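Have a look at the structure below, then the notes.
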Amino acid sequence: PLLLAPPGRIFAVEMGADFIEPDLVSTKDGVLIARHENELSGTTDVAERFPDRKRTRVIDGQSVSGWFSEDFTLAELRTLRARQPFPGRPKEHDDKFAIPTFEEMLALISRKSKEAGRPVGVYPETKHPAFFASIGLDFEAPLLAALEGHGWASTGTLAATWRLKNRKAEVAAALGRLHERREVLA
């Protein structure tokens, strides 16, 4: 079976976390996925599976070489497996988990919230939103559709409170205009 949820996120809810913070980037086909950065070589096996797809891009004014989420469809990314990028952290889960979509993260958080019998919120952080917008991959529509589709924007749901963490004030303001039931932290 395709495993999607790193144990850390499941463990966080079990240990009492009130919020889970997935970092979000976009795929070539506009699907939001949970990755700390859009450059994938540090957190996946992309270099081994797609060695010929390495390139250099300028992202937020910085030249970066690697393999980028926006160059792959979700179907292609489903062939990758996640890896722990940080030295000193356990590696026993490397290559066991696929890259989860934001919608899959919301489903997991909702399920774990119900199992725990208490609300667990989501605190999504969109990574490099100005860059993604410049290449025609905006976050707003898929982000709001996912939140609404999973009941995160409805009054009275277990996880009705959600927050958006974003370093770009203009994107946060645009999201604020698009959706009245939100708390946007810019």
Side-chain angles (χ1 to χ4, degrees), residues 2-6 9-10 12-13 17-40 43-44 59-60 68-80 82 97-116 118-186:
L2 185 63
L3 300 174
L4 295 167
R9 292 197 173 108
I10 295 168
V13 174
D18 293 319
F19 282 86
I20 301 297
E21 180 196 353
D23 294 334
L24 303 176
V25 297
S26 184
T27 65
K28 182 178 187 175
D29 45 353
V31 178
L32 297 181
I33 58 170
R35 286 289 89 188
H36 183 66
E37 289 294 333
N38 59 326
E39 200 291 302
L40 301 170
T43 62
T44 71
I59 300 167
D60 296 341
F68 300 93
S69 64
E70 63 274 13
D71 293 331
F72 295 89
T73 64
L74 180 61
E76 290 174 314
L77 292 176
R78 285 287 192 218
T79 68
L80 303 181
F97 295 92
I99 298 171
T101 67
F102 182 47
E103 291 214 20
E104 291 162 343
M105 289 301 306
L106 291 175
L108 171 70
I109 295 165
S110 293
R111 188 174 71 250
K112 288 297 179 182
S113 180
K114 288 176 187 167
E115 289 172 9
R118 62 182 177 76
V120 177
V122 62
Y123 194 60
E125 180 177 354
T126 57
K127 304 297 263 188
H128 312 294
F131 166 75
F132 280 104
S134 77
I135 61 169
L137 294 168
D138 290 323
F139 284 100
E140 291 92 344
L143 178 70
L144 294 174
L147 290 167
E148 290 170 348
H150 286 273
W152 288 72
S154 302
T155 304
T157 62
L158 182 61
T161 303
W162 62 274
R163 296 178 181 162
L164 175 71
K165 179 179 175 183
N166 195 300
R167 292 185 183 97
K168 303 292 183 193
E170 66 275 10
V171 173
L175 283 168
R177 288 189 304 272
L178 286 172
H179 199 277
E180 62 183 2
R181 293 200 42 77
R182 58 75 179 105
E183 179 179 345
V184 176
L185 304 177

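Quick note: residue numbers are just sequence positions, from 1. Here the structure is a predicted model, which is why all the values come from computation and not from measurement.
Residues Val120 and Ile109 share a closest heavy-atom pair of O-CG2, 3.7 Å. Residues Glu76 and Asp71 approach most closely at OE1-O, 4.1 Å, considering heavy atoms. Here the shortest heavy-atom pairing between Ala34 and Pro22 reads CB-CB, 4.4 Å. When every heavy atom of Glu104 is checked against every heavy atom of Ile99, the shortest pair comes out as OE1-O, 4.3 Å. When all heavy atoms of Ile59 and Phe68 are compared, the closest pair comes out as CD1-CE2, 3.5 Å.
For Phe102, the ring-ring contact (aromatic ring centres under 6.0 Å, His included) criterion is met by no residue, not counting sequence neighbours. Remark: Ser69 pairs with no residue by the side chain to side chain donor-acceptor pair (under 3.5 Å) rule, at least two apart or across chains. Partners of Glu70 according to the side chain to side chain donor-acceptor pair (under 3.5 Å) rule, which considers only residues two or more places apart in sequence or in another chain, are Asn38, Arg57. Partners of Asp138 according to the salt bridge (Lys or Arg N to Asp or Glu O under 4.0 Å) rule, which considers only residues two or more places apart in sequence or in another chain, do not exist here. Annotation: side chain to side chain contact (heavy atoms under 4.5 Å, CB included) contacts of Glu103 (sequence neighbours excluded): Thr101, Ala146, His150. Evaluation of the side chain to side chain contact (heavy atoms under 4.5 Å, CB included) rule for Thr79 yields Arg49, Phe50 as partners, not counting sequence neighbours.
Between Pro124 and Leu143, the closest side-chain pair of non-hydrogen atoms falls below 4.5 Å. Residues Thr27 and Thr73 are not in side-chain contact: their nearest non-hydrogen atoms beyond the backbone lie 4.5 Å or more apart. No side-chain heavy atom of Ile20 sits under 4.5 Å from any side-chain heavy atom of Val122.
With rounding to the nearest 0.5 angstrom, the CG atom of Leu40 is 6.0 Å from the CG atom of Leu77. Residue Lys127 holds its NZ atom at 14.0 Å from CG of Leu32, rounded to the nearest 0.5 Å. To the nearest 0.5 Å, the span separating CZ on Phe72 from OG1 on Thr44 amounts to 8.0 Å. For the atom pair Glu125 CD and Asp23 CG, the distance stands at 5.0 Å (nearest 0.5 Å).
Between the Asp60 side chain and the His128 main chain, no donor and acceptor come within less than 3.5 Å of each other. A donor-acceptor distance shorter than 3.5 angstrom exists from the side chain of Ser113 to the backbone of Arg118, with no hydrogens or angles considered. Between the side chain of Ser134 and the backbone N or O of Phe131, at least one donor-acceptor pair lies under 3.5 Å. Glu148 contributes no side-chain N or O that, together with a main-chain N or O of Ala145, makes up a donor-acceptor pair within less than 3.5 Å.
Look at Arg35 and Glu37 and you find no salt bridge, because none of the NZ, NE, NH1 or NH2 atoms lies under 4.0 Å from a carboxylate O.
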